[in-house]
There are 2 protein chains.
Amino acid sequence: MSLAQIRYFVAVAEEGHVGRAAERLHVAQPPVSRQIRALEDEIGTPLFARTPRGMTLLPPGEVFLDHARAILEAVERAGDAARAFAAGPCVRPARRSSAAG
Amino acid sequence: MSLAQIRYFVAVAEEGHVGRAAERLHVAQPPVSRQIRALEDEIGTPLFARTPRGMTLLPPGEVFLDHARAILEAVERAGDAARAFAAGPCVRPARRSSAAG
DNA sequence: GGCACCCGAGATCGAAACGGTATTGGACGC
DNA sequence: GCGTCCAATACCGTTTCGATCTCGGGTGCC
């Protein structure tokens, strides 16, 4: 399980199409299809139902989608929080700076 | 940023040693050192202070550690939730099986 | 003061993973 | 039956990753 797989999964779940998701992710279709397969294989249960019109989220997929979004958001926040703390957690050393920002 | 980097980071933060963390992760020391460097580079700020006795968590690193643990736990829960839902969220569809449980 | 020992970091090489292109197989509409 | 649209597979080049080997920095000991 990788963050790329989670990103791919969210894109496919939201688009309902592997090809569409691939476009949104700026990658080709086969890699997305493959990673979704790998994700399902690792989790141990199908996440999508393959229909002639695209991909439909199965119940386990819907559950996973909720968690997947939370994970991606947490990753964003993690880096953001560390960066913000590096600049100054709450007080700035006030090096000839009048405004606190 | 990858889940492996996050796992490496947590291990180093908890051990205070790159070598120790590598042992715990069952990998060699250089890869861990490199991934930590890459993580710091991607976030844009140092997470550890390199001391002659090992690695010490800097304030941004402490903040990131909290988020990192949450991410890893969320990943665990995501797969677990999907698996549990695949077996049956609360009721089983009872596909003409003789025994209900 | 020199030497041995700890630590992390760098260089290099082989293996695994990833993504891209081309192609296949299944379902629907005409 | 054929063309179209969809995901899945085969195959290949590139990239990334990890392992081994080696180096530089700092400390403690004698």
Side-chain angles (χ1 to χ4, degrees), chain A residues 1-62 64-65 68 71-72 75 79 82, chain B residues 1-62 64-65 68 71-72 75 79 82:
Chain A
M1 171 127 47
S2 68
L3 289 179
Q5 284 175 343
I6 295 174
R7 276 187 245 270
Y8 286 15
F9 168 81
V10 172
V12 173
E14 287 180 357
E15 297 288 343
H17 276 254
V18 172
R20 282 276 209 186
E23 254 184 71
R24 192 215 277 190
L25 296 162
H26 302 294
V27 294
Q29 170 256 321
V32 178
S33 195
R34 215 178 317 164
Q35 294 286 25
I36 295 296
R37 283 287 226 196
L39 184 61
E40 289 178 324
D41 189 56
E42 180 170 344
I43 292 179
T45 184
L47 267 16
F48 290 99
R50 274 75 173 174
T51 75
R53 315 297 294 166
M55 310 271 276
T56 304
L57 219 47
L58 290 174
E62 293 191 36
F64 189 79
L65 177 58
I71 290 167
L72 295 183
V75 170
Chain B
M1 170 125 50
S2 68
L3 289 179
Q5 283 175 343
I6 295 175
R7 275 187 245 270
Y8 286 14
F9 168 81
V10 172
V12 172
E14 288 180 356
E15 296 289 344
H17 280 251
V18 172
R20 284 274 210 186
E23 252 183 71
R24 192 215 277 190
L25 295 163
H26 302 293
V27 294
Q29 171 257 319
V32 177
S33 196
R34 208 182 320 163
Q35 295 285 24
I36 295 295
R37 283 287 226 195
L39 184 61
E40 289 178 325
D41 189 56
E42 181 171 344
I43 291 179
T45 184
L47 268 17
F48 292 99
R50 274 74 173 175
T51 74
R53 316 297 294 165
M55 309 272 275
T56 303
L57 220 47
L58 290 173
E62 295 191 34
F64 190 79
L65 176 58
I71 291 167
L72 295 183
V75 171

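What you see below is based on every heavy atom in this structure, not just the backbone, and it leaves out hydrogens, waters and symmetry mates. Numbers restart at 1 for each chain; the letters A, B, ... are given by sequence-line order, proteins then strands.
Between Glu23(B) atom CD and dG8(C) atom P there is a gap of 11 Å when expressed in whole angstrom units. Look at CE on Met55(B): it is 16 Å from C1' on dG26(D), rounded to the nearest Å. Note: NE2 (His17(B)) to P (dA9(C)) measures 13 Å, nearest angstrom. Rounded to whole angstrom, the span from the CZ atom of Phe48(A) across to the C1' atom of dA8(D) amounts to 15 Å. In this structure, Leu47(A) places its CG atom 16 Å from C1' of dA7(D), rounding to the nearest Å. Atoms CD (Glu15(A)) and P (dA7(D)) sit 11 Å apart, rounded to a whole Å. In this structure, CG of Leu3(A) is placed 16 Å from P of dT16(D), rounded to the nearest angstrom. Arg37(B) places its CZ atom 12 Å from the P atom of dA11(C), with the value rounded to the nearest Å.
Between Arg7(A) and Leu25(A), the closest heavy-atom pair is O-CD2, 4.3 Å. Looking at every heavy atom in both residues, Ala13(A) comes nearest to Leu65(A) through CB-CD1, 3.9 Å. Looking at every heavy atom in both residues, Ala82(B) comes nearest to Thr45(A) through O-CG2, 4.0 Å. For Phe64(A) against Gly79(B), the heavy-atom pair with the smallest separation is CE1-N, 4.0 Å.
Between Arg50(B) and the phosphate of dA9(C), there is a side-chain N or O to OP1/OP2 separation shorter than 4.0 Å. Between Ser33(A) and dA8(D) there is a side-chain polar atom (N or O) within less than 4.0 angstrom of OP1 or OP2.
By the 6.0 Å contact criterion, CZ on Arg24(B) is enclosed, its count of non-hydrogen atoms from other residues, nucleotides or ligands being greater than 12. The environment of CZ in Arg50(A) is crowded: more than 12 heavy-atom neighbours from other residues, nucleotides or ligands sit within 6.0 Å.
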>> Output one letter per nucleotide in nucleotides 22-30 of chain C: B when a protein non-hydrogen atom lies under 4.0 Å from the base, S when only the sugar-phosphate is that close, - when neither is.
In response: B----S---
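Within the model, atoms CD of Glu40(A) and CD of Gln35(A) stand 12.0 Å from one another, a figure rounded to the nearest 0.5 Å.
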> Passes side chain to side chain contact (heavy atoms under 4.5 Å, CB included), Val32(B) versus Val27(B)? Steps please.
Replying inline: CA-CA 8 Å; Val32(B) 177; Val27(B) 294; 3.6 Å; yes
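Within the 4.5 Å cutoff, side-chain heavy atoms of Leu57(B) are placed close to those of Phe48(B).
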Each nucleotide N or O in nucleotides 15-19 of chain C that has a protein N or O under 3.5 Å away: list the pair and distance.
| from | atom 1 | to | atom 2 | distance (Å) |
| --- | --- | --- | --- | --- |
| dG19(C) | OP1 | Tyr8(A) | OH | 2.7 |
| dG19(C) | OP2 | Gln35(A) | NE2 | 3.1 |
| dG19(C) | N7 | Arg34(A) | NH1 | 3.1 |

